Visitor: 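Here you go, one structure.
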Amino acid sequence: MAKPNSTFVTEFLFEGFSNFRWQHRLAFFAVFLTLYLLTLSGNVIIVTIICLDHHLHTPMYFFLSMLSISETCYTVAIIPRMLSGLLNPYQPIAIQGCATQLFFYLTFAINNCFLLTVMGYDRYVAICNPLRYSVIMGKRLCVQLASGSLGIGLGMAIVQVTSVFGLPFCDAFVISHFFCDVRPLLKLACTDTTVNEIINFVVSICVLVLPMGLVFISYVLIISTILKIASAEGWKKAFATCASHLIVVIIHYGCASTIYLKPKSQSSLGQDRLISVTYTVITPLLNPVVYSLRNKEVKDALRRAVGQNEERL
């Protein structure tokens, strides 16, 4: 039950970076805007190159393009509002707008988790069953796996948003974060949130521990197969196909687990906010950087695209 003599709020304010001086906020704005533009341009380049270059029309690059699109949608849901808040810290957000932001954030964040799991399965099939790879990873299965990842994201987001915004919010309206996230919102509710905390924990287990476990199993099987390869060149080639994915997986799941799998008693909103900056601003940039700078096929495709443009000119 809501507290007596309370006023139900209809809009929130983000605490965000309002405690910082305006000079610091301006510096953050410049840095975050630069990273955001690099992320957007990098993901657009990756998706465009994969679409245009027939050498990259493989399951691995199909999933990479889906991840790039999902990362773009994910950052669009969070970063523009955050940048606006750096310039003007006291902009209210309606409760409906907050629910919408949380929905899109969760949908694409969870979609990313399962896409990375699917990409791990793709690498497992490529290395452990190379002769049957094209048969197993057919176009239909790839579309089903990508659609399934998005479907799980949508379903989990609906559960979380319904759970959080079914609560009454009274008096307290300042969110101790720079976007609408589950834990800061639960702290503002003026009723017991034990059930909601349990729902949040179960969802976190399903979208983090389960995918991490599947990726771990994939890489145990991949490494055991690689160790059976006799030649050093074979080892190098096999590890090269997995290195980029493994780097993104470790950083992505590492940041998300630190925020969402910590016990409530050990949760510090200030610390979570700092990790969230890494998770929402820096980690999405790793996808285009890691997959373009460390991936020979993507770099070759970029060179071909640049060469064709120069010939036309």
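This chain uses plain numbering: 1 for the first residue, then up along the sequence. These numbers come from a predicted model, not from an experiment.
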Visitor: Determine, stepwise, if the pair Leu87 / Arg25 fulfils side-chain contact (heavy atoms from CB on, under 4.5 Å).
Guide: CA-CA 7 Å; Leu87 296 178; Arg25 294 203 309 272; over 6 Å; no
Visitor: If you measure from OG1 on Thr191 to CG on Leu186, what distance do you get to the nearest 0.5 Å?
Guide: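 If we round to the nearest 0.5 Å, Thr191:OG1 and Leu186:CG are 11.5 Å apart.
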Visitor: Can you give me the closest heavy-atom contact between Tyr133 and Met60, atom names plus distance?
Guide: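 So the two residues come closest at OH-N, 3.8 Å.
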Visitor: Are Met156 and Val195 in one and the same hydrophobic cluster, where Ile, Leu, Val, Met, Phe, Trp and Tyr link if side-chain heavy atoms are under 4.5 Å apart?
Guide: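 Met156 clusters together with Val195.
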Visitor: Quick check on Phe173: does its CZ atom have over 12 non-hydrogen neighbours (other residues, nucleotides or ligands) under 6.0 Å away?
Guide: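 Check fails, neighbour count at 12 or below.
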Visitor: Ignoring hydrogens and angles, tell me if any N or O in the side chain of Ser204 forms a donor-acceptor pair with the backbone of Asn200 under 3.5 Å.
Guide: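 Side chain of Ser204 to backbone of Asn200, a donor-acceptor pair under 3.5 Å: yes, one is there.
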Visitor: Cys98 and Leu185: which non-hydrogen atoms are nearest, and at how many Å?
Guide: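 Distance-wise, the nearest heavy atoms are SG-CD2, 4.0 Å.
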Visitor: With a 4.5 Å heavy-atom cut-off, do Leu116 and Val215 have their side chains touching?
Guide: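 Contact flag for Leu116/Val215 side chains = no.
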Visitor: According to a 4.5 Å side-chain heavy-atom criterion applied to Ile, Leu, Val, Met, Phe, Trp and Tyr, with indirect links allowed, do Ile46 and Leu52 form part of one hydrophobic cluster?
Guide: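 In one cluster with Ile46: Leu52, no.
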Visitor: What closest approach, in Å, do Ala157 and Thr107 show between heavy atoms, and which atom pair accounts for it?
Guide: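 Nearest heavy atoms, Ala157 then Thr107: CB-OG1, 3.3 Å.
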Visitor: Between Leu115 and Phe216, is there a shared hydrophobic cluster once you connect ILVMFWY residues whose side-chain heavy atoms come closer than 4.5 Å?
Guide: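 No, no single cluster joins them.
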Visitor: Could you tell me whether the side chain of Phe17 reaches within less than 4.5 Å of the side chain of Phe32, counting heavy atoms only?
Guide: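 Of all side-chain heavy-atom pairs linking Phe17 with Phe32, at least one is under 4.5 Å.
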Visitor: Are the side chains of Met137 and Leu145 in contact, using a 4.5 Å heavy-atom criterion?
Guide: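 Leu145 reaches Met137 side chain to side chain.
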Visitor: Less than 4.5 Å apart, any side-chain heavy atom of Phe62 and any of Ile50?
Guide: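 In short, these two side chains do not touch, never coming nearer than 4.5 Å.
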Visitor: Anything under 30° is parallel, anything over 60° is perpendicular, the rest tilted; go ahead and classify His177 against Phe179.
Guide: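 If you compare the ring of His177 with that of Phe179, the planes turn out tilted.
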Visitor: One pair to check against side-chain contact (heavy atoms from CB on, under 4.5 Å): Thr10 and Phe169. What are the steps and the verdict?
Guide: CA-CA 8 Å; Thr10 57; Phe169 296 96; over 6 Å; no
Visitor: Determine, stepwise, if the pair Thr280 / Tyr74 fulfils side-chain contact (heavy atoms from CB on, under 4.5 Å).
Guide: CA-CA 8 Å; Thr280 56; Tyr74 164 77; 3.3 Å; yes
Visitor: Using 0.5 Å steps for rounding, measure from the CG atom of Leu67 to the CG atom of Asn112.
Guide: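 Those atoms lie 5.5 Å apart.
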Visitor: Looking at every non-hydrogen atom in both residues, tell me the closest pair between Phe114 and Cys206 and how far apart they are.
Guide: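 Of all heavy-atom pairs spanning Phe114 and Cys206, the closest is CZ-O, 3.6 Å.
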Visitor: Using a 4.5 Å cut-off on heavy atoms from C-beta on, say whether the side chain of Val118 contacts that of Tyr121.
Guide: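 Side-chain contact under 4.5 Å: no.
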Visitor: Is there a donor in the side chain of Tyr253 and an acceptor in the side chain of Thr117, or the other way round, less than 3.5 Å apart?
Guide: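 A donor-acceptor contact under 3.5 Å links the two side chains.
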Visitor: First locate atom CG of Leu26, then atom CZ of Phe20, and finally report the distance between them rounded to the nearest 0.5 Å.
Guide: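 Leu26 atom CG to Phe20 atom CZ measures 14.0 Å (nearest 0.5 Å).
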Visitor: Using a 4.5 Å cut-off on heavy atoms from C-beta on, say whether the side chain of Val76 contacts that of Tyr36.
Guide: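 Tyr36 vs Val76: side chains touch.
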Visitor: Can you tell me how far apart OG (Ser65) and CG (Leu56) are? Round to the nearest 0.5 Å.
Guide: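 Here the rounded value is 10.0 Å.
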Visitor: Do the side chains of Phe14 and Cys180 get nearer than 4.5 Å, heavy atoms only?
Guide: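 Yes, at least one pair of side-chain atoms sits under 4.5 Å.
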Visitor: Where do Phe12 and Phe165 come nearest, in terms of heavy atoms and distance?
Guide: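 Heavy atoms only, the tightest pair is CE1-CE2, 4.4 Å.
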Visitor: What distance do Arg123 atom CZ and Ile222 atom CD1 have between them, rounded to the nearest 0.5 Å?
Guide: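 That separation rounds to 8.0 Å.
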Visitor: Is a donor on one side and an acceptor on the other found under 3.5 Å between the side chain of Ser163 and the backbone of Val159?
Guide: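 Such a contact is absent between Ser163 side chain and Val159 backbone.
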Visitor: Count I, L, V, M, F, W, Y as connected when their side-chain heavy atoms are under 4.5 Å apart, and connections chain through other members. Are Leu37 and Ile79 then in the same cluster?
Guide: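 Leu37 and Ile79: one cluster.
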Visitor: Indicate the atoms forming the closest heavy-atom contact of Ala77 with Tyr105, along with that distance.
Guide: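 In terms of heavy atoms, the two residues are closest at CB-N, 4.2 Å.
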Visitor: Check whether Leu210 and Met119 end up in the same hydrophobic cluster, where Ile, Leu, Val, Met, Phe, Trp and Tyr are linked by side-chain heavy atoms less than 4.5 Å apart.
Guide: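 Leu210 and Met119: separate clusters.
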Visitor: So how far is it from Thr162 OG1 to Asn196 CG, rounded to the nearest 0.5 Å?
Guide: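 Between atom OG1 of Thr162 and atom CG of Asn196 there are 11.0 Å.
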Visitor: Less than 4.5 Å apart, any side-chain heavy atom of Ile78 and any of Phe178?
Guide: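 Touching, per the 4.5 Å side-chain cut-off.
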Visitor: Is Glu11 reaching over with its side chain to a backbone N or O of Pro92, donor-acceptor style, under 3.5 angstrom?
Guide: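 Flag not set: sc Glu11 to bb Pro92 has no pair under 3.5 Å.
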